[in-house]
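Working notes for the structure below.
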Amino acid sequence: MSKAEINFPYFDKILANLEDEATKTIFGNHVHWGYWENPNWAKNTAEDFAIATEKLSQKVYQAADIKDGISILDVGCGFGGTAASINNNYSEVKITGLNIDERQLNVARKQVQACGDNSIEFVQGDATKMPFPDNYFDVVLAVECIFHFPSRSAFFQEAKRV
């Protein structure tokens, strides 16, 4: 997909304001809305939001039964927050982040470095036409990004394929 076809105006805003302390706290790692056990407990602070976004990523990858020693694809990886969380909590994992927006990948590449015996790679590509061979990953994750894809059906077919 050409750069002209990509239109994420809220990412334009986030990327333009990443030097702002509140924006960096809220969206510097995860670019999704977060999870609170009880929404009434939300404190409406940047710090609380950052904790909730991390918690959402953990809920998703724990539901996927992530284990040491597997290969994981994080589709729509944004700034690499979910990859970083997995990287910090598991070993001998091969993590690949996929995103169509190279700007987001550039942030992820600067922020997320592999720990120990893990490996991390960030790849530009379309979630509905993934640039990976069949059966390449053990687990495919997608945290709050599927609504961006031109075809959810095509994404799920690709997720199953890879």
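- Atoms CD1 and SG, from I72 and C77 in turn, are 13.0 Å apart once rounded to the nearest 0.5 Å.
- A 6.0 Å sphere centred on CD of Q62 holds more than 12 heavy atoms belonging to other residues, nucleotides or ligands.
- With D48 contributing its side chain and K43 its backbone, the two residues share a donor-acceptor pair below 3.5 Å.
- For the pair Y35/E37, a side-chain contact is recorded, criterion being any heavy-atom separation below 4.5 Å from C-beta on.
- With values rounded to the nearest 0.5 angstrom, F149 atom CZ is found 8.5 Å from T128 atom OG1.
- Among the candidates Q104, E121, E102, the single residue satisfying the side-chain hydrogen bond (donor to acceptor under 3.5 Å, both in side chains) test with R109 is E102.
- A single hydrophobic cluster is not seen to contain both V75 and L105; linkage of ILVMFWY side chains at heavy-atom distances under 4.5 Å, directly or through other members, places them apart.
- Atom CD of residue E158 and atom NZ of residue K129 lie 9.5 Å apart, to the nearest 0.5 angstrom.
- For the pair V139 and A64, the tightest heavy-atom approach, listed with the atom from each and the gap, is CG1-CB, 3.8 Å.
- No donor-acceptor pair closer than 3.5 Å links the side chain of S85 to the backbone N or O of G81.
- V143 places none of its side-chain heavy atoms less than 4.5 Å from the side chain of H30.
- Here CD1 of I66 is found 11.0 Å from CG of N89. Values are rounded to the nearest 0.5 Å.
- There is no path of hydrophobic side-chain contacts, each under 4.5 Å, that joins I95 to V123.
- Here the closest heavy-atom approach between residue A46 and residue A22 is recorded as CB-O, 4.3 Å.
- Contact annotation: the side chain of D138 never approaches that of K67 to less than 4.5 Å [non-hydrogen atoms, C-beta and beyond].
- Hydrophobic clustering (side-chain heavy atoms under 4.5 Å, transitive across Ile, Leu, Val, Met, Phe, Trp, Tyr) keeps V140 apart from I70.
- Within the 4.5 Å cutoff, the side chain of I100 has no heavy atoms near those of the H148 side chain.
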Taking it one step at a time, do Q111 and N29 satisfy side chain to side chain contact (heavy atoms under 4.5 Å, CB included)? CA-CA 8 Å; Q111 295 187 153; N29 295 321; 3.9 Å; yes
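- In this structure, the side chains of Q113 and I120 stay at 4.5 Å or more apart for every pair of heavy atoms.
- In plain terms, the two heavy atoms of T25 and A50 that are nearest each other are O-CB, 3.3 Å.
- D20 places a side-chain N or O within donor-acceptor distance of the main-chain N or O of T23, the cut-off being under 3.5 Å.
- Between F156 and I146, some side-chain heavy-atom pair lies under the 4.5 Å cut-off.
- The shortest side-chain heavy-atom distance between L15 and F79 falls under the 4.5 Å cut-off.
- Between D12 and R103 there is a salt bridge, since a side-chain N of the basic residue sits under 4.0 Å from a carboxylate O of the acidic one.
- When every heavy atom of A108 is checked against every heavy atom of G80, the shortest pair comes out as CB-N, 3.8 Å.
- Within 6.0 Å of CG on N38 lie more than 12 heavy atoms contributed by other residues, nucleotides or ligands.
- Of the possible polar contacts, none joining the N87 side chain to the A83 backbone as a donor-acceptor pair under 3.5 Å is found.
- There is a path of hydrophobic side-chain contacts, each under 4.5 Å, that joins F49 to F11.
- To the nearest 0.5 angstrom, D101 atom CG is 8.5 Å from Q124 atom CD.
- You'll find the side chain of Q157 stays beyond 4.5 Å of the side chain of R161, heavy atoms only.
- Distance alone, capped at 3.5 Å, is enough to place a donor-acceptor pair between the N118 side chain and the Y90 backbone.
- Separating the CD1 atom in I86 from the CD atom in Q58 is a distance of 10.0 Å, to the nearest 0.5 Å.
- Closest non-hydrogen pair, A114 versus S119, comes out as CB-CA, 4.0 Å.
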Let's go through V162 and L73 carefully: what are the C-alpha distance in whole Å and the side-chain angles of both, what is the deciding distance for side chain to side chain contact (heavy atoms under 4.5 Å, CB included) to 0.1 Å, and is it a yes or a no? CA-CA 9 Å; V162 302; L73 175 62; 4.0 Å; yes
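- A parallel orientation is assigned to the rings of Y136 and F132, their planes being inclined by less than 30° (bins at 30° and 60°).
- The nearest pair of heavy atoms linking L18 to G28 is CD2-CA, 4.1 Å.
- Residues F137 and F122 do not share a hydrophobic cluster, defined by chaining ILVMFWY side chains whose heavy atoms lie under 4.5 Å apart.
- Using a distance-only test at 3.5 Å, with no hydrogens or angles considered, a donor-acceptor pair links the side chain of D68 to the main chain of S91.
- Classification of the W33-F27 ring pair by plane angle, with boundaries at 30° and 60°, yields perpendicular.
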